[in-house]
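Worksheet for the structure shown next.
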Number of protein chains: 4
Amino acid sequence: MEEQWIEELLAISEDEKLTPKQISILQAAIEVFSEKGYAAAATSEIAQMAGVAEGTIFRYYKTKKDLLLSIIGPTMSRMLAPFVLRNFNGLLDVPYDNFEEFLRTLIINRLEFARRNFKILKILIQEIPFQPKLKEQFAENILSKVLERVVEIVEHFKAKGEVIELPTPAILRFTISSVIGYLLNRLLLQPEKDWNDEEEINLTIHFIMHGISGAAAPI
Amino acid sequence: MEEQWIEELLAISEDEKLTPKQISILQAAIEVFSEKGYAAAATSEIAQMAGVAEGTIFRYYKTKKDLLLSIIGPTMSRMLAPFVLRNFNGLLDVPYDNFEEFLRTLIINRLEFARRNFKILKILIQEIPFQPKLKEQFAENILSKVLERVVEIVEHFKAKGEVIELPTPAILRFTISSVIGYLLNRLLLQPEKDWNDEEEINLTIHFIMHGISGAAAPI
Amino acid sequence: MEEQWIEELLAISEDEKLTPKQISILQAAIEVFSEKGYAAAATSEIAQMAGVAEGTIFRYYKTKKDLLLSIIGPTMSRMLAPFVLRNFNGLLDVPYDNFEEFLRTLIINRLEFARRNFKILKILIQEIPFQPKLKEQFAENILSKVLERVVEIVEHFKAKGEVIELPTPAILRFTISSVIGYLLNRLLLQPEKDWNDEEEINLTIHFIMHGISGAAAPI
Amino acid sequence: MEEQWIEELLAISEDEKLTPKQISILQAAIEVFSEKGYAAAATSEIAQMAGVAEGTIFRYYKTKKDLLLSIIGPTMSRMLAPFVLRNFNGLLDVPYDNFEEFLRTLIINRLEFARRNFKILKILIQEIPFQPKLKEQFAENILSKVLERVVEIVEHFKAKGEVIELPTPAILRFTISSVIGYLLNRLLLQPEKDWNDEEEINLTIHFIMHGISGAAAPI
DNA sequence: CATGAATGAGTGTTCATTCAT
DNA sequence: AATGAATGAACACTCATTCAT
């Protein structure tokens, strides 16, 4: 299943267009934005950390906001990658044997993605409420497509009887909350804890599938 | 169970110490901070919205950061309220007949709290990563106490056989993720949706207890 | 005829609304703008010359351009003053016995005005080509009204036979060119020359009335 | 009389030394300087409009000010051309039969010159007050020589009785004001008006010779 | 020759904070 | 207590100029 993750390729192909100075600037900006927040970050500090003159930043990025969007935009696209349908030969493409496999793949994969793009994701989450452009882009280009895809998968497994017949939005919310809850704990709240990822993922999947009561659902 | 919620009392007793101008300032600051973010908020705008002179803000709050902390601090305390043990006469105080009742009470109660303190919570979440003082205060005074209390409750119901014998931290994470996931969806992501809160809370509790597979846990 | 010149009153009444710092700022701005030109003038230099902090300028004038317009606007109004009709009791108001008297009054008066507002006029002339707002304001509020008034006067004296029957626009252009030509020479090009104003004004009026040939017009 | 106008030759001979890129740069600089003013013009915009790299400008012109002077300098020289004495065989050279002919030739000729060099003249007038080098060059090389020549002509016609016996500087000022007044109106203030140049020139000359009163000079 | 990336001093402007009234 | 005028450091951004390629 690895072959479907094209984010690295996208990233690399994009990086090819960047000069070393641009890369320094982006790295420094990610660092400073994630550490201080966009509004409190000074372009002078970014320049200093990147080892370039302040004017150089504005050669490549017309404004500070441009710099922000240049960091977040591509990452948002790459967030989307694993949810892009490979709809070849007209068949519905749900390449998972069961829901657990889907969850496991998703968690492992997005955990890795989040690990690699941790600071950018932090910036993204912090700034979405204040940047209407970002919010809109996120809602239209990312969220809706991811949801659409996941709805499809959930309904596929509902039909197969692996997922209970309750409202799909609620099932989604519950599933996603559990996954994101794990990722946040793992990376943000307790990053220094000595995690056994495989076991934790199994636990998370177990909770999502069977809850915490240990009894069959009464419905 | 209402008698345990002392947050309003705390709030009122605190408010009694405040002059009308202070209240205006706090209200305006909450408005502006939550709308623009702390760093991008101008004290002049807060003053204008509060209907006071710029200098007046600094009479009550030494710095802008002081103003921020004065908003968030008390709210953090009130977040804690329902988790405070009323450990009178030495008995362990777990005033819930079963885990579901606890969850239902918790969700209803914190949903109401979040609704009432929505903007402040937004500020809190936004600023915690950038204000070490806040982070520390939150970790030491709030999070640890809440967790301690919830651990107690979870283990109580584990002992009663209502909750399965898996690692408590994982159970906590899972439970809390599901609850917070609901709250975020309800208030932040889709606030305008026409929610049937009672049904959604039932669904959420059902998921937490039994997951989404509809089958008994295989463990 | 002195009573008609209300420009000083206008100026004074306006000045009354200004704080000492504002006056310093305006004076310094006039100095620096006229010396270096608007675009090449630094607000920091204006602040320094005015003896205020740079921020103080922007307390009173939102932008540098605002400062420019605040200087030029009132002066443009005062340029207009002597041409404002005092059209009381419905009579046409041409309070001059003959054209020469009109010219003499005009030259003396506007020479004095230009002397007093020399630097501002320099700024005005320099910046009109580059500030559409100024150009428009000047054309609509000043130039058209002055011309309208002067046309009226010229045609009045045409009817009386004191001015020849040639196209009024050409007469105006010729008259105004001669007056302005004198003012520019007097104040701008050769300010240090030892001028006998009364004699020069007489000569200028003589030229306007009879040209340089010493013979009667052949028409 | 055409043979005396050497400006085109000067221009062409100078142009011969210029590479195509230099010509592009000069044209672009004239455009941008006249539109925005020297101080507000960006060399980057000039480079872009000229279709060359920013660095190329500085290969030919050491500084931005150099570029300005390179534009204005030659034009100033060409302004001088018609006033240069062709003092061959020691005779005083006043090749005009009467003063009116001189005026007519002057106006037609300088109108054409101004038309052709309109933008440069605009730059020249705008920048002379701020560029001491220009001011000095203009006063010493141009103004004094033109005046010297015109004084000569005026006194020639004074001696012939065609011009009245009043102070030559005043006669000059009056004459030049009237000519320049016409040129400014014609080209700058009302360029879009439908002018009948021949008639307007006749009127202007008539005013200069006989004024506007229609009566013989009383002197 | 010509380029254009890189510079860094300088720009207009903002804003938290102070303090005389 | 309350004001708001005044501050000046910091900010995002510009631009003439340099220089390695």
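The structure displayed is predicted, hence computed values, not measured ones. Values below: all heavy atoms of this structure, side chains included; hydrogens, waters and symmetry mates excluded.
In this structure, B/Lys62 does not reach the E/dA16 phosphate: none of its side-chain N or O atoms is under 4.0 Å from OP1 or OP2. Listed pair C/Lys21 / F/dT7 meets the phosphate criterion, a side-chain N or O lying under 4.0 Å from OP1 or OP2. For E/dA2, one of the phosphate oxygens OP1 or OP2 lies less than 4.0 angstrom from a side-chain nitrogen or oxygen of D/Tyr60. OP1 and OP2 of E/dA2 both lie 4.0 Å or more from every side-chain N or O belonging to D/Thr56. Within the 4.0 Å cut-off from OP1 or OP2 of F/dA5, at least one side-chain nitrogen or oxygen of C/Arg59 is found. Close to F/dA16, at under 4.0 Å from its OP1 or OP2, lies a side-chain N or O of D/Thr43.
A donor-acceptor contact under 3.5 angstrom links the side chains of D/Tyr60 and D/Thr19, judged on distance only. Side-chain contact, A/Glu54 with A/Thr43: a donor N or O sits under 3.5 Å from an acceptor N or O. A donor-acceptor pair shorter than 3.5 Å can be found between the side chains of A/Tyr61 and A/Gln22.
The interatomic distance linking A/Leu68 (CG) with F/dA12 (P) rounds to 13 Å, in whole Å. When rounded to the nearest whole Å, the span between NZ of A/Lys65 and P of F/dC11 equals 17 Å. Rounded to an integer number of Å, the gap from D/Glu45 CD to F/dT17 P is 16 Å. For the pair A/Phe58 CZ and F/dC13 P, the computed distance is 5 Å after rounding to whole Å. The distance from atom CD1 of C/Ile57 to atom C1' of F/dA5 is 15 Å, rounded to the nearest whole Å. Computed from coordinates, the D/Ile25 CD1 to F/dT17 P distance equals 14 Å when rounded to whole Å. To the nearest angstrom, P of F/dA10 lies 17 Å from CD1 of A/Ile46. Here the P atom of nucleotide E/dG12 and the NZ atom of C/Lys36 are 11 Å apart, to the nearest Å.
Counting non-hydrogen atoms under 4.0 angstrom, D/Ala39 reaches nothing in the nucleic acid. Among the heavy atoms of the strands lying under 4.0 Å from C/Ala41 are primed sugar atoms or P, OP1, OP2 only; no base atom is included.
Taking the ring axis of C/Phe33 as reference, the NZ or CZ atom of C/Lys119 does not stay both within 45° of it and closer than 6.0 Å to the ring centre.
The main-chain N or O of C/Pro20 is found under 3.5 Å from a side-chain atom of C/Ser24 such that the two form a donor-acceptor pair.
Across E/dT13, E/dT17, F/dC13, the shortest atom-to-atom separation from the side chain of B/Lys64 is found for E/dT17.
Mapping D/Ala53 and C/Ala42 onto DNA chain E by nearest heavy atom places D/Ala53 closer to the 5' end of the strand. Nearest-nucleotide mapping onto DNA chain E: of C/Thr63 and A/Glu54, the residue sitting toward the 5' end is A/Glu54.
Of all nucleotides present, only E/dA2 satisfies the Watson-Crick or G-U wobble test against F/dT21, with each distance under 3.5 Å.
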